[in-house]
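Right, one structure below, let's go through it.
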Amino acid sequence: MSEKKIKDGPGIIFLVGFMGCGKTTLGRKLANRLGYAFMDLDHILEAQEGMTIAEYFAKHGEDAFRKLESEVLKQTQYPEHAVVSTGGGLPCFFDHMDWMNAHGKTIYIKLSPKTLASRLENEKEERPLLRQHHGEALVTFIADKLTEREPFYSRATVIADGLSLTAEKVEELLRIKAI
Ligand SMILES: Nc1ncnc2c1ncn2[C@@H]1O[C@H](COP(=O)(O)OP(=O)(O)O)[C@@H](O)[C@H]1O
Ligand SMILES: O=C(O)C1=C[C@@H](OP(=O)(O)O)[C@@H](O)[C@H](O)C1
Ligand SMILES: [Mg+2]
């Protein structure tokens, strides 16, 4: 594996962006391409708690979830090289953008509310914040939440157009940025 790694590369790459932008999907592909470990903080949290995020929200509520995802972010043991997919809300709470930028590089996968909504319409059950929104109301909900979250996401090391983003393209962006 090690010969595949970008020499003196960014170490830890955190993928950030709204629900449905592809952090989990692209993260796995990017890790595979770079020969880095793949870690998804939502999956780590679910394995640790023995329940899904939807179950955790139903049982303990969002405030408890935000505290727990903060612990998971900061207490996880990261290998030297890893691609880490975060949950969509994580960058927008506590000091998480600063923390991730201090511990690695961040990539914001940017997409429009319309595209996000079309990807999420059939994947709302596992995302408790979206469950009660449908059709045009889902687009509006996403647009409003995105406006709120964008200032946090925009502090990423690299801002990438999610529509044309592939693992190859991310690798190229990292090289261009020389990080
Ligand atoms: N580049 C892409 N093009 C089209 N659909 C995608 C792409 N990346 C992810 N998806 C789809 O969008 C949905 C959400 O992807 P996911 O990786 O779970 O996003 P996130 O982790 O950011 O919430 C999934 O159905 C996934 O298959
Ligand atoms: O945006 C959010 O607040 C959330 C995003 C989810 O992760 P994905 O972005 O991978 O869907 C998950 O952490 C939880 O449902 C809350
Ligand atoms: Mg995900």
Straight-line distance of [X] [atom1] to [Y] [atom2], nearest 0.5 Å:
X: L129; Y: F141; atom1: CG; atom2: CZ; answer: 5.5 Å
X: R28; Y: M39; atom1: CZ; atom2: CE; answer: 13.5 Å
X: I142; Y: R119; atom1: CD1; atom2: CZ; answer: 11.0 Å
X: L15; Y: L30; atom1: CG; atom2: CG; answer: 6.5 Å
X: K23; Y: F18; atom1: NZ; atom2: CZ; answer: 8.5 Å
X: E71; Y: L41; atom1: CD; atom2: CG; answer: 13.0 Å

(request) Go through the steps to decide whether R127 and E123 satisfy the test salt bridge (charged side-chain N to carboxylate O under 4.0 Å, His left out), and finish with yes or no. (result) CA-CA 7 Å; R127 292 180 172 89; E123 291 191 14; 3.1 Å; yes
Beyond-backbone contact of [X] with [Y], side-chain heavy atoms, under 4.5 angstrom:
X: L173; Y: I107; result: no
X: T86; Y: D42; result: no
X: Q48; Y: L68; result: yes
X: M100; Y: H103; result: no
X: D161; Y: I109; result: no
X: L146; Y: L116; result: yes
X: F14; Y: L73; result: yes
X: V84; Y: Y78; result: yes

(request) Give the C-alpha distance, both sets of side-chain angles, the deciding distance and a yes or no for side-chain contact (heavy atoms from CB on, under 4.5 Å) between L111 and L163. (result) CA-CA 7 Å; L111 279 176; L163 266 190; 3.9 Å; yes
(message) Main chain of S164, side chain of K169: is a donor-acceptor contact present, judged purely on distance under 3.5 Å?
(response)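 Such a contact is absent between K169 side chain and S164 backbone.
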(request) Taking E46 for its side chain and I53 for its backbone only, find out whether a donor-acceptor pair lies under 3.5 Å. (result) yes
(message) Quick check: closest heavy atoms across A37 and P79, and the distance to 0.1 Å?
(response)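 Heavy-atom minimum between the residues: CB-CG, 3.8 Å.
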(message) According to side chain to side chain donor-acceptor pair (under 3.5 Å), does anything in residues 87-96 pair up with another residue at least two apart or in another chain? List the pairs.
(response)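 Qualifying pairs, neighbours excluded: S70-H96, K74-D95.
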Verify same cluster id: [X], [Y] (apolar side-chain graph, 4.5 Å):
X: L45; Y: L130; answer: yes
X: V83; Y: V158; answer: yes
X: I159; Y: L90; answer: yes
X: F152; Y: W99; answer: yes

(message) Applying salt bridge (charged side-chain N to carboxylate O under 4.0 Å, His left out) to E171 and R175, what does each step give before you reach the verdict?
(response) CA-CA 6 Å; E171 190 181 19; R175 287 187 198 284; 3.0 Å; yes
(message) Go through it in stages, so that I can follow the logic: the residues are R155 and D98, the test is salt bridge (charged side-chain N to carboxylate O under 4.0 Å, His left out), and I'd like the CA-CA distance, side-chain angles, deciding distance and then a yes or no.
(response) CA-CA 9 Å; R155 291 168 52 209; D98 287 338; 2.4 Å; yes
(message) Can you confirm whether K124 is buried at NZ, in the sense that more than 12 heavy atoms of other residues, nucleotides or ligands lie under 6.0 Å from that atom?
(response) yes
(request) Given side-chain contact (heavy atoms from CB on, under 4.5 Å), test T52 with E126 step by step and report yes or no. (result) CA-CA 8 Å; T52 65; E126 68 222 50; over 6 Å; no
(request) Output, in order, the C-alpha distance, side-chain angles, deciding distance and verdict of side-chain hydrogen bond (donor to acceptor under 3.5 Å, both in side chains) for T115 and S118. (result) CA-CA 5 Å; T115 305; S118 71; 5.5 Å; no
(message) For F57 and F65, take the angle between the two ring planes, folded into 0 to 90°, and tell me which bin it lands in: parallel under 30, tilted 30 to 60, perpendicular over 60.
(response) tilted
(message) Under a plain distance cut-off of 3.5 Å, with no hydrogens placed, do Y108 and E150 share a side-chain donor-acceptor pair?
(response)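 Short answer, yes.
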(request) Could you tell me whether the side chains of T106 and T157 share a donor-acceptor contact shorter than 3.5 Å? (result) yes
(request) Please report the C-alpha distance between L120 and M19 in whole Å, then the side-chain angles of each, then the deciding distance to 0.1 Å, and finally whether the side-chain contact (heavy atoms from CB on, under 4.5 Å) criterion is met. (result) CA-CA 8 Å; L120 291 166; M19 289 172 266; 4.1 Å; yes
(request) Please assess H133 against T140 for the test side-chain contact (heavy atoms from CB on, under 4.5 Å), listing each intermediate value before the final yes or no. (result) CA-CA 9 Å; H133 306 286; T140 305; over 6 Å; no
(request) Check each of K145, R149, R66, M97 against C92 using the side-chain contact (heavy atoms from CB on, under 4.5 Å) test, and report the only one that passes. (result)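 When side-chain contact (heavy atoms from CB on, under 4.5 Å) is applied between C92 and each of K145, R149, R66, M97, only R149 qualifies.
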(request) Any chance you could pull the hydrophobic cluster mates of F38, using side-chain heavy atoms under 4.5 angstrom and chaining through other members? (result) none
